[in-house]
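Written below as structure tokens is the structure these notes are about.
Whatever order the structure lists them in is the order used to number ligands and atoms, beginning at 1. Throughout, numbering of the chain's residues begins at 1 and tracks the sequence.
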Amino acid sequence: MASTAVVQIELGGALTKVASGKVRDLFAVDDKTLLFVASDRISAYDVVMENGIPGKGALLTALSIYWFRYLPSHVPGLKTHFINNSLPSALESSLDASVLASISRRSMQVRRLRVIPIESIVRGYITGSGWSEYKKSGTVHGIPLPTGLIEGQKLATPLWTPSTKAEAGEKDENISPERARTVIGDAAIAAEVERLSISIYTVAAKRAEEVGIVLADTKFEFGLDEENGNQVVLIDEVLTPDSSRFWPRDTWEQNLGGQQPSFDKQYLRDWLTGNGLKGKEAVTVPEEVVSKTAEKYREAFERITGAKLSAETS
Ligand code: ATP
Ligand code: MG
């Protein structure tokens, strides 16, 4: 597979790059359309690792596309940024076949929208930073919860628990729903972000449950379609192991009160923490942790979509 660096340079010549995040690169197809390219890079605790997870960009793209096709018919009023998963013709003529094949598996064309500057997290279970806050103050993102909850417990209803969307190099910060409404700055838009987030979580958690996965929490991003009355649109990647906690349902109960095994990034986070590397720059992840992480991502993909991850994908 062509290395991500090579692909970036070559593609950068054919289309103009508009942004580079920790994991994705965005290129302008035209005024209204972006090519959204997922790399194999992996970040944890807001730091990108030195080495990537082979096949991860293709997997995240295929899983996001699965959800972009599934969700609109299950969530009333939901629109997404997804247009298609083919490459713009400008690329077809200017890149060689192997580079094209690699990019094609990791790309989708999406509508270019104004990003609403919050991370729209939904938590159905109490864990991670939500659990840490609850232990200290009995609240999650400032929302008071009943006493006596245990780690990993299902919440009475899913909670909308947003965070800030930090600038590059900064850390996202958990905020209260009230604060998020202020950041969004428009009550109707904020209410729609909350409604869609909870509805999408609920639909996805049901789908995950059917294949033996607990969707403990997840993060969405939304954009505004300014040409269509400021309609709130689901953007970014969606319901992947990068943005979600997926736990095996059959071992959830026995692990209440402690760590849950998971089909996501938690394995990498735990390895970093266990080795005193949490939040450190320039970490190279050992081969064993790379392949176990890839295996966990594959398990999530195959269970949810019911499809095998083709060798092509990696
Ligand atoms: P960020 O904190 O900005 O999300 P990141 O490192 O997570 O940084 P990536 O996920 O690698 O970023 O890159 C994706 C970027 O593209 C995000 O900044 C996201 O907000 C933005 N984005 C996603 N979908 C769209 C869209 N349809 N139009 C414009 N920007 C988008
Ligand atoms: Mg992101």
| task | Take Asp242 and Lys56, measure what salt bridge (Lys or Arg N to Asp or Glu O under 4.0 Å) needs, and give me the verdict at the end. | result | CA-CA 10 Å; Asp242 264 14; Lys56 174 174 173 281; 2.8 Å; yes

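Using the six-membered ring where Trp is involved, His74 and Tyr70 have ring planes that are parallel, under 30° apart on the 30 and 60° scheme. Between Trp247 and Tyr125, the ring-plane angle classifies as perpendicular under the 30° and 60° cut-offs.
Side-chain contact check for Thr139 and Glu133: at least one donor-acceptor pair (N or O, by modelled atom type) lies under 3.5 Å.
Only the side chain of Leu34 comes within 4.0 Å of ligand 1, judged by heavy-atom distances. Residue Lys165 touches ligand 1 through its side chain alone, judged by heavy-atom distances below 4.0 Å. Here Leu26 has side-chain heavy atoms under 4.0 Å from ligand 1, and that is the only part of it that gets that close. Of all the heavy atoms of His81, the ones lying under 4.0 Å from any atom of ligand 1 belong exclusively to the side chain.
Glu194 and Arg181 are joined by a salt bridge, as a carboxylate oxygen and a charged side-chain nitrogen come within less than 4.0 angstrom of each other. Between Asp25 and Arg41 a salt bridge is recorded (basic side-chain N to carboxylate O distance below 4.0 Å). Comment: Lys206 does not engage Glu209 in a salt bridge, judged by the lack of any side-chain N to carboxylate O separation of less than 4.0 angstrom. Salt bridge status for Asp264 with Arg245: absent, with no side-chain N to carboxylate O gap under 4.0 Å.
Here the protein heavy atom with the shortest distance to atom 24 (N) of ligand 1 is Asp236 N, 3.2 Å. Nearest non-hydrogen protein atom to atom 13 (O) of ligand 1 is Arg24 CB, 3.5 Å. Looking from atom 30 (N) of ligand 1 to the surrounding protein, the closest heavy atom is Val115 CG2, 3.3 Å. The single protein non-hydrogen atom nearest to atom 29 (C) of ligand 1 is Leu113 O, 3.4 Å, given as residue, atom name and distance. Ranking the protein heavy atoms by distance from atom 25 (C) of ligand 1 puts Ile235 CD1, 3.8 Å first. Given atom 12 (O) of ligand 1, the protein heavy atom at minimum distance is Gly21 CA, 3.5 Å.
When Arg41, Lys22, Glu237 are checked for heavy-atom proximity to atom 8 (O) of ligand 1, Lys22 turns out nearest. Closest heavy-atom approach to atom 20 (O) of ligand 1 among the candidates Glu221, Glu167, Arg112: Glu221.
Identified under the ring-ring contact (aromatic ring centres under 6.0 Å, His included) test for residues 154-183, with sequence neighbours left out: none.
Listed by number with element, the atoms of ligand 1 under 4.0 angstrom from any heavy atom of Val23 are 11 (O).
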